[in-house]
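Some notes on the structure that comes next.
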Amino acid sequence: MAFLPPWACILAGCFSVSFAEASGLSDLSPPLWKASPDQLSGYRVENGKYIIDPWVYPERLGMYKILLNQTARYFEKFGPGNEQNLLWGLPLQHGWQYSTGRLADPSQRTDCGYKSGDRLCISVDSWWADMNYFLCVLPFLAAVDSGVMGISSDQVMLLPPPKNQTGFCLTLAACQSSFPVLMSKWNAFYQHLKLPSSNFEDLLKYLWDAHFSTIEDLHKTFDERLEYYSQPEAYFGKSWSCAVGYIALTRLPTNFTLTHEFQKSLPPRMLVNGDRAPVIRDFTKLQNGVLFGLNLLQEVDNATGSLSLTIWKILMRTQAARKLILEFLKVIFESYNPKLFGND
C-alpha cells in the first residue's frame, strides 16, 4: 500500500486491508467466475483465431478474467493479490447485472437469461447487456492493440448477437473504425499503465475518462431498449448512466473489495412498477437511500441541462476536493454499516 496516495487509502487501501483479511477474492468474485476461461486457450479456435461469444455470460466474463490476469503485473506495486487492479469494477458490475436478472430478455419474448430457460444467455434486447458489451469489448480489444494481451489483433474474433447485429463491432479493426476516439482512450489507459512511473491517481484519471466516454457516447444508441422495462427500472438505467459522469470526476477507486462492497448499495433485483425509493420494502436502507439519491441526481441534471455536471467538474479539479468527497462517502456508508471500514 506504500505506493497508494494518502487520499486513496481512505477508501481503497484502509478498507481493503480490513475487509480482505476476512474474505478471499475468490469467495466474493462474480457468479461463475471460477467456471469462466482464465486464458484464451479456454475458447475454441478456428483457423488460428480464438472465437468468443460475448452473448454467453461465462464467455463474456472470461474476457474480463483474462484482462485482469494480463494486467495483474502492472498493479503489483499498489498491493498484493491483484486486489488493487482498477479493472475489477467492470466484471463485478457485470456479475451484479447477471445476478439481478438485468442481462435477460426484458421483452420476455424469449427465455434468454431466465432461470427457467437459458440462464447463461445474454439478451441483445437488454439495455444493460448492450451497454456492458462496449465496456467489455472495447477495453479488451484495446488491450490487445496495446500489446498487453500478448497476441496479434487478427487472432481474436467475436461472434455477433443472434439479431440486431448492426452497431456491434466484432474485431479490433472494426471497433477502431467505428469508435476511434473511445478506442484511443482505452489504449491511452493501457499505455500509461505500462509505464514504470505510472501512479494510482493518473491511472484513475485515464480509466474513468475511457469509462465515462464509452457510456456518454453510446447510451442513447440503445435508448429504445428501455421501453421494454418498467418505468422505475428504465429511469434507474438513465439515472445510473448520469451518475457515472459524477463518479468519474470524483475518481472513485474501482479495486476489488471496494467495488464489491459498494455494489451492495445497488438494487438487488429488477425494479417493477410500484417500486418507489426510499420505501421499497425488500430493499435495505442503504439500497433505498442510494436509489433515491441516484434518481434525484438525474432530476437535478435534467433540470439544469447538465450545468450541475459542469459545476461538479470545476469542483473536482483538485485532489483535495476529491479527497473531501471520498471522506464524505466514507461517513455516509459507515452510517449504514459501522463495521464497513473496520471500525468497532
Side-chain angles (χ1 to χ4, degrees), residues 1 4-23 28 78-79 83-90 92-93 96 199-209 211-212 215 236 239-268 277-278 280 283-301 306 308-344:
M1 294 300 175
L4 286 174
W7 68 265
C9 189
I10 294 170
L11 289 177
C14 297
F15 168 73
S16 300
V17 170
S18 62
F19 189 78
E21 284 178 353
S23 303
L28 305 173
F78 302 119
E83 193 275 337
Q84 291 296 337
N85 194 320
L86 295 176
L87 292 169
W88 268 116
L90 298 175
L92 287 169
Q93 180 77 174
W96 167 77
N199 61 70
F200 204 72
E201 173 76 5
D202 285 346
L203 289 175
L204 279 170
K205 175 181 179 296
Y206 281 98
L207 176 67
W208 276 115
D209 183 37
H211 188 131
F212 172 63
I215 291 180
F236 169 56
S239 298
W240 182 241
S241 294
C242 173
V244 170
Y246 295 84
I247 296 171
L249 293 172
T250 309
R251 298 182 192 173
L252 184 73
T254 50
N255 66 19
F256 181 87
T257 51
L258 181 62
T259 303
H260 176 274
E261 198 67 16
F262 271 62
Q263 280 196 163
K264 292 180 180 179
S265 68
L266 298 179
I280 302 176
F283 281 22
T284 66
K285 290 182 178 180
L286 178 59
Q287 290 163 351
N288 266 299
V290 167
L291 179 58
F292 179 80
L294 290 174
N295 289 342
L296 180 61
L297 180 63
Q298 167 75 353
E299 292 177 11
V300 171
D301 190 82
S306 295
S308 55
L309 182 62
T310 301
I311 295 173
W312 189 252
K313 183 176 183 179
I314 295 172
L315 293 174
M316 293 296 102
R317 280 180 177 175
T318 68
Q319 187 170 319
R322 294 192 295 273
K323 175 182 176 180
L324 184 63
I325 293 301
L326 291 175
E327 288 177 333
F328 176 72
L329 288 175
K330 177 177 180 287
V331 171
I332 293 298
F333 276 80
E334 276 188 329
S335 69
Y336 288 99
N337 183 3
K339 297 181 179 180
L340 183 61
F341 292 93
N343 299 328
D344 296 330

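Note that the SG atom of Cys242 and the CZ atom of Phe236 stand 12.5 Å from one another [nearest 0.5 Å]. A distance of 9.0 Å separates CG of Leu204 from CZ of Arg322, quoted to the nearest 0.5 Å. Taking CG from Leu291 and OG from Ser239, the interatomic distance works out to 7.5 Å, rounded to the nearest 0.5 Å. Rounding to the nearest 0.5 Å places OG of Ser265 at 10.0 Å from CG of Leu329. In this structure, Arg251 CZ and Ile325 CD1 are separated by 14.0 Å, a value rounded to the nearest 0.5 Å. Atoms CG and CG, from Asn255 and Asn85 in turn, are 9.5 Å apart once rounded to the nearest 0.5 Å.
Between Gly89 and Thr259, the shortest heavy-atom contact is CA-CG2, 3.8 Å. Minimum interatomic distance between Leu258 and Pro253 (heavy atoms only, all atoms of both residues): CD2-O, 3.0 Å. A pairwise comparison of heavy atoms in Leu92 and Leu28 identifies CD2-O, 4.1 Å as the closest pair.
Phe292 CZ: 12 or fewer foreign heavy atoms inside a 6.0 Å radius.
Under the side-chain contact (heavy atoms from CB on, under 4.5 Å) criterion, Leu324 pairs with Glu327, sequence neighbours left out. Residues satisfying the side-chain hydrogen bond (donor to acceptor under 3.5 Å, both in side chains) criterion with Asn288, sequence neighbours excluded, are absent altogether. Glu299 meets the side-chain contact (heavy atoms from CB on, under 4.5 Å) test with Tyr235, Leu296; sequence neighbours excluded. Residues meeting the side-chain hydrogen bond (donor to acceptor under 3.5 Å, both in side chains) test with Trp240, sequence neighbours left out: Gln93. Contacts of Asp301 classified as salt bridge (charged side-chain N to carboxylate O under 4.0 Å, His left out), with partners at least two apart in sequence or in another chain: none.
Of the possible polar contacts, none joining the Trp96 side chain to the Lys264 backbone as a donor-acceptor pair under 3.5 Å is found. Panel note: side chain Gln287, backbone Pro268; no donor-acceptor pair is recorded below 3.5 Å.
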Below 3.5 Å, can you tabulate the donor-acceptor pairs from side chains in residues 311-318 to any protein atom, sequence neighbours excluded?
from, atom 1, to, atom 2, distance (Å)
Trp312, NE1, Tyr246, O, 3.1
Trp312, NE1, Thr250, OG1, 3.4
Thr318, OG1, Ala321, N, 3.2

For Leu207 and Leu87: C-alpha separation, side-chain torsions, deciding distance, then whether side-chain contact (heavy atoms from CB on, under 4.5 Å) applies. CA-CA 8 Å; Leu207 176 67; Leu87 292 169; 3.9 Å; yes
Are Ile247 and Trp208 close enough, and set up right, to give a side-chain contact (heavy atoms from CB on, under 4.5 Å), and what steps lead you there? CA-CA 8 Å; Ile247 296 171; Trp208 276 115; 3.6 Å; yes
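Across Phe256, Trp88, Phe78, a single residue satisfies side chain to side chain contact (heavy atoms under 4.5 Å, CB included) together with Glu83, and that is Phe256.
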